[in-house]
Amino acid sequence: MIGSVVFAQQAAQPTDYVIGPQDILTIAVFDQENLGGKFPVDSDGTFTFPLIGRVHAGGLTLRELEAEIKKRLKDGFFKDPQIAVGVEQYRSQKIHIVGEVRNPGTYPLTGDMSLIEAVARAGSTLPSASGEALVVRAKAGQQTSAPLLPNGDETEVTTVDLRKLQSGAYSQNLPLRDGDTVFVPRAESVYVFGQVRSPGAYSIQLSTTVLQALSLAGGVADRGATGRIKVVRIEKGATVELRVKLTDLVRPGDTIIVPERFF
């Protein structure tokens with residue numbers, strides 16, 4: 001029964017997954033159920049299999065390990081053994097998901113996991129999240145088991161627009177690697193004051209316009225002058241006051257002021 005189940009499930013396994021220490025493998029030999037079972041991979045990348053002894057699995061894909069076991073079983077034991085190798089528990093390769101997601105933490109990296117799958121695994125983003133995600137990856141030759149910082153000297157950072165990705169721009173759906181950190185930052189804020197229905201601070205996404213920011217504040221009040229809206233902005237340490245149109249983009253930290261109409 002074990003062999004039949006594993007063979008039936010084999011199509012769903014990520015065939016290019018690279019086995020590592022602490023992974024738990026499920027191995028079946030067709031019509032030889034007494035040889036199959038669950039096999040934890042030791043820290044040196046090996047495990048013991050019946051009849052053939054120690055098998056080196058670390059660094060091999062599932063298909064490569066199947067071929068290795070088949071080769072060794074054919075050497076004096078079976079004429080043409082049919083082997084199926086699956087992963088019971090992924091433990092060797094991990095990614096970290098932090099920031100404005102519902103369930104931040106460390107997750108096993110399974111097969112060809114991509115960015116959108118990782119964000120979904122963490123329960124999706126929070127309303128306070130910005131519209132982007134940072135994929136932080138250690139440079140070649142660097143390794144760490146802890147989450148990586150986006151401003152670290154030994155890291156490479158790729159910024160992805162989550163809204164475009166969720167709209168179908170799959171070219172931004174980055175494949176993840178062992179040790180990657182996915183960081184979803186908190187959305188920046190703008191301040192809306194004057195003749196609006198609900199003045200205050202509001203979180204904005206990427207490419208937010210003046211009109212969208214005013215909508216967050218409940219819209220312009222009856223006595224608001226939409227033709228004389230101002231933005232107070234800090235540029236190079238100095239405060240500047242700008243006349244803006246409803247279609248202009250706002251920046252994090254901007255203060256939008258809607259004056260009162262003259263009549």
Side-chain angles (χ1 to χ4, degrees), residues 1-97 105-122 135 137-146 148 158 170-171 173-182:
M1 182 63 67
I2 293 177
S4 300
V5 172
V6 174
F7 273 89
Q9 292 177 341
Q10 190 58 54
Q13 289 286 340
T15 58
D16 59 347
Y17 177 76
V18 178
I19 301 165
Q22 300 182 358
D23 284 341
I24 298 180
L25 306 176
T26 302
I27 303 177
V29 182
F30 196 69
D31 286 340
Q32 299 291 332
E33 295 185 5
N34 60 316
L35 293 182
K38 299 178 182 179
F39 300 87
V41 180
D42 292 339
S43 58
D44 62 354
T46 68
F47 67 96
T48 300
F49 193 77
L51 300 180
I52 59 178
R54 300 300 287 180
V55 179
H56 187 84
L60 301 181
T61 66
L62 300 181
R63 299 296 79 79
E64 289 171 339
L65 179 58
E66 286 179 356
E68 174 64 18
I69 296 175
K70 181 176 181 177
K71 175 184 176 182
R72 293 176 63 174
L73 285 177
K74 285 179 66 176
D75 187 14
F77 297 104
F78 301 100
K79 181 178 180 181
D80 186 25
Q82 300 301 306
I83 312 299
V85 178
V87 181
E88 174 73 16
Q89 293 184 32
Y90 297 88
R91 291 184 176 180
S92 63
Q93 299 189 21
K94 299 178 177 64
I95 58 171
H96 310 283
I97 308 175
T106 299
Y107 291 85
L109 176 65
T110 58
D112 53 355
M113 180 183 286
S114 62
L115 174 59
I116 198 168
E117 292 174 300
V119 173
R121 184 76 62 88
V135 178
R137 179 169 296 164
K139 292 182 178 179
Q142 302 295 324
Q143 290 184 338
T144 178
S145 60
L148 298 168
T158 303
Y170 293 113
S171 61
N173 192 21
L174 297 180
L176 299 180
R177 301 178 187 172
D178 181 29
D180 282 356
T181 295
V182 177

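All of these numbers come straight from a predicted model, not from anything done at the bench.
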Exercise. Given side chains that start at C-beta, do those of Ser92 and Tyr17 come closer than 4.5 Å, heavy atoms only?
Worked result: yes
Problem set entry | Interatomic distance, Ile19 atom CD1 to His56 atom NE2 [nearest 0.5 angstrom] | 9.5 Å
Exercise. Do Leu35 and Phe78 come within less than 4.5 Å of each other through their side chains, counting heavy atoms only?
Worked result: yes
Exercise. Of all heavy-atom pairs between Glu117 and Ser114, which one has the smallest distance, and what is that distance?
Worked result: OE1-N, 2.7 Å
Problem set entry | Flag, side chain of Asp42 to backbone of Asp44, donor-acceptor distance under 3.5 Å | no
Seminar exercise, completed: Paired with Ile95, the side-chain contact (heavy atoms from CB on, under 4.5 Å) test is passed by just one of Arg121, Met113, Arg177, namely Met113
Seminar exercise, completed: Between the CG atom in Leu51 and the CG atom in Asp75, the distance rounded to the nearest 0.5 Å is 11.5 Å
Problem set entry | Approximate separation, where rounding is to 0.5 Å, of Gln89 CD and Ile24 CD1 | 4.0 Å
Exercise. Listed by chain and number, what are the side-chain contact (heavy atoms from CB on, under 4.5 Å) partners of Thr48, not counting sequence neighbours?
Worked result: Arg54
Problem set entry | Carboxylate-amine/guanidinium proximity below 4.0 Å for Lys71 and Glu68 | no
Exercise. How many angstroms lie between atom CZ of Arg137 and atom CG of Asp178, to the nearest 0.5 angstrom?
Worked result: 10.5 Å
Seminar exercise, completed: Heavy atoms of Asp180 and Val135 approach each other most closely as OD2-CG1, 4.1 Å
Exercise. After noting the C-alpha distance and the side-chain angles of Leu65 and Phe47, does the key distance pass the side chain to side chain contact (heavy atoms under 4.5 Å, CB included) rule?
Worked result: CA-CA 12 Å; Leu65 179 58; Phe47 67 96; 4.1 Å; yes
Seminar exercise, completed: Here the gap from Ile27 atom CD1 to Ile69 atom CD1, rounded to the nearest 0.5 Å, amounts to 4.0 Å
Problem set entry | Those residues that, when tested against Lys70, pass side chain to side chain donor-acceptor pair (under 3.5 Å) (two or more places apart) | Asp80
Problem set entry | Spatial distance of atom NE2 (His96) from atom CG (Leu176) [nearest 0.5 Å] | 11.5 Å
Problem set entry | Residue pair Arg91 / Pro108, side-chain heavy-atom distance below 4.5 Å | no
Problem set entry | Phe39 vs Val55 side-chain heavy atoms within contact, under 4.5 Å | no
Exercise. Can Val119 and Ile97 be said to form a side chain to side chain contact (heavy atoms under 4.5 Å, CB included), step by step?
Worked result: CA-CA 8 Å; Val119 173; Ile97 308 175; 5.6 Å; no
Problem set entry | Close side-chain approach of Leu109 and Lys94, heavy atoms under 4.5 Å | no
Exercise. Taking side chain as C-beta onward, heavy atoms only, is Val182 less than 4.5 Å from Tyr107?
Worked result: no
For this session: Identify the heavy atoms of Pro21 and Ser43 that sit nearest to each other, and give their distance.
Result: CG-O, 3.7 Å
Exercise. Between the side chain of Glu88 and the main-chain N/O of Thr26, is any donor-acceptor distance below 3.5 Å?
Worked result: no
For this session: Measure across Leu25 and Val87 and return the closest heavy-atom pair with its distance rounded to 0.1 Å.
Result: CD2-CG2, 4.3 Å
